[in-house]
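Note sheet for the following structure.
Below, chain A is the first sequence line, B the second, and so on; all start at residue 1.
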Amino acid sequence: MSRQLSDVEDVLQNALNKHGLSVVPLLQEIQEHFRYLPEEVLRMLSRKTGIPLIEIYHAATFYNSLSLTPRARHQIKICAGTTCHIRGGGKLIEEIFQVLGIRPGEITPNGEFMLETVNCLGCCAFAPAMVVDGKYYGNLTPGEVRKILSKLRERAALMEK
Amino acid sequence: MVQIALNGLRVEVDEGMTILEAARFYGIAIPTLCYLEGLSPYGACRLCLVEIGSPGQSKLVTSCTYRVEEGLIVRTDSDWVIKRRKMLIELYLATCPSSKVIQDLASKYHVTSVRFTPWYEDCILCGLCVRMCAEQMQGKAIGFAHRGSNRKVTTPFDKESEVCRLCGGCMYVCPACQSRCQGPQEEQPVCNACLNLQQPCLDYFDDKMCFMDPCVACELDTNRELKVKRRL
């Protein structure tokens, strides 16, 4: 992934126009664009806005949803809350390991998928639940997880062509 | 000016003062780790706890952040406060036994044992260095990063900071950076050497003119006298 300087400038300027000098929304915007928070972009943000770099770093390391290391293209979040656990969340994790070969906290070698467990997604009514790239899936069975993953893979293959 | 009752004494203090400032103004010592004149109060170390309110409805507040109000009843050294303070000192001792400031506090408050596993952590996260850097040195080179038990003071990306001028202000104010004296029990988490001190001064000296001031032995002795007096 090559990063053009003017491109970064544009992203920063857009984010600034949208959110002003609020650090967290700015970081979210940057993360959405680059899929993580690159160090040099944060340094540029600090230089551009005058927000001390340490304040930006403080926020970036404080929140779990912000990441300073590159993330995979698809974020899979499996709920490991009590309800989802009881209703078979562990089986979903096992199924993902069978299909992709990754455990929670790991990334597939091609950088396509990343698996995380979260403590509650707030939707116990349709446990066990999973979130892929911000989209919620509920009442899941291991078979359905396999289908969702293969669909994502197909789409990724199409994108590459 | 507002009137408050400070340890039973009716005193007048400026409006907008904190309890800690008022107490120090009237010569009542309240221990602190995260407070420093000239820096914004932070309320993190909790050592400056005092009891406020009338009996039966009292509560503990951090005196460094609580502003005085008309008719406030403050007790800076009630049994409740001392008990809590001793617990805090014990926790600090377990976190950072290598600090002289904390060891001195332990001796002063008769904390003689530590029931927790000592961590030998260097930082107590009082935030003095962070505020010193930002507020007095206008540096903003260091700050907190990460969260919970991983929280630590560091520079951005754990790399040498571009804005740090190496002024050393952070080390100057750090209570953990002052290493403890070479006592006889250096490997123990609690030193308490000061507790066993005989008063080093001779009777000849008037204590107001003592060269050793402030002397831990003296302070302990006055505390003991006070306690005996209270019991009588």
Side-chain angles (χ1 to χ4, degrees), chain A residues 3 5 8 11-12 15-16 20-31 33-71 75 77 80-81 104-106 116-120, chain B residues 34 36 38-45 65 95 119 121-177:
Chain A
R3 203 176 291 138
L5 197 68
V8 178
V11 172
L12 287 183
L16 281 169
L21 289 177
S22 321
V23 175
V24 175
L26 283 175
L27 292 181
Q28 280 174 324
E29 190 83 19
I30 294 170
Q31 165 132 333
H33 194 267
F34 298 107
R35 281 194 276 131
Y36 77 111
L37 301 171
E39 185 181 327
E40 61 267 41
V41 176
L42 295 192
R43 285 186 191 276
M44 260 173 87
L45 177 71
S46 166
R47 242 174 280 137
K48 210 171 157 78
T49 58
I51 302 170
L53 187 58
I54 186 66
E55 270 174 37
I56 297 171
Y57 184 67
H58 179 29
T61 53
F62 187 86
Y63 293 104
N64 266 340
S65 62
L66 299 174
S67 167
L68 289 168
T69 47
R71 288 198 162 180
Q75 302 282 320
K77 288 176 188 166
E106 291 177 352
E116 275 178 312
T117 56
V118 287
N119 287 327
C120 187
Chain B
C34 74
L36 193 72
L39 300 181
S40 59
Y42 191 51
C45 75
T65 53
T95 314
W119 284 353
E121 191 87 22
D122 293 328
C123 183
I124 54 168
L125 298 173
C126 66
L128 271 182
C129 51
V130 176
R131 279 172 290 145
M132 184 72 175
C133 190
E135 292 168 22
Q136 289 292 339
M137 299 305 173
Q138 313 299 331
K140 297 199 176 165
I142 54 171
F144 290 108
H146 303 283
R147 179 165 58 150
S149 56
N150 296 324
R151 198 160 194 242
K152 61 175 184 176
V153 174
T154 182
T155 50
F157 306 102
D158 294 335
K159 288 175 186 164
E160 209 172 297
S161 172
E162 288 163 9
V163 285
C164 175
R165 299 189 301 269
L166 301 175
C167 68
C170 43
M171 285 191 283
Y172 179 71
V173 293
C174 177
C177 279

> Counting N and O atoms only, with roles assigned by atom type, does the side chain of A/Glu39 sit under 3.5 Å from a partner on the main chain of B/Phe157, one being a donor and the other an acceptor?
Replying inline: no
> Does B/Gln136 use its side chain to pair, donor to acceptor, with the backbone of B/Leu39 at less than 3.5 Å?
Replying inline: no
> Between A/Leu68, A/Ile56, A/Leu53, which shows the greatest number of heavy-atom pairs under 4.5 Å with chain B?
Replying inline: A/Leu53
> Under a 4.5 Å heavy-atom cut-off, does chain A meet the side chain of B/Lys159, its backbone, both or neither?
Replying inline: side chain
>> Taking side chain as everything from C-beta outward and backbone as N, CA, C, O, which of these in B/Ser161 sits under 4.5 Å from a heavy atom of chain A? Side chain, backbone, both or neither.
In response: neither
> Would you find a donor on one side and an acceptor on the other, under 3.5 Å apart, between the side chain of A/Ser46 and the backbone of A/Ile51?
Replying inline: yes
> So how far is it from B/Lys152 NZ to B/Cys123 SG, rounded to the nearest 0.5 Å?
Replying inline: 11.0 Å
> Measuring heavy-atom distances to chain B, does A/Leu42 have an atom under 4.5 Å in its side chain, in its backbone, in both, or in neither?
Replying inline: side chain
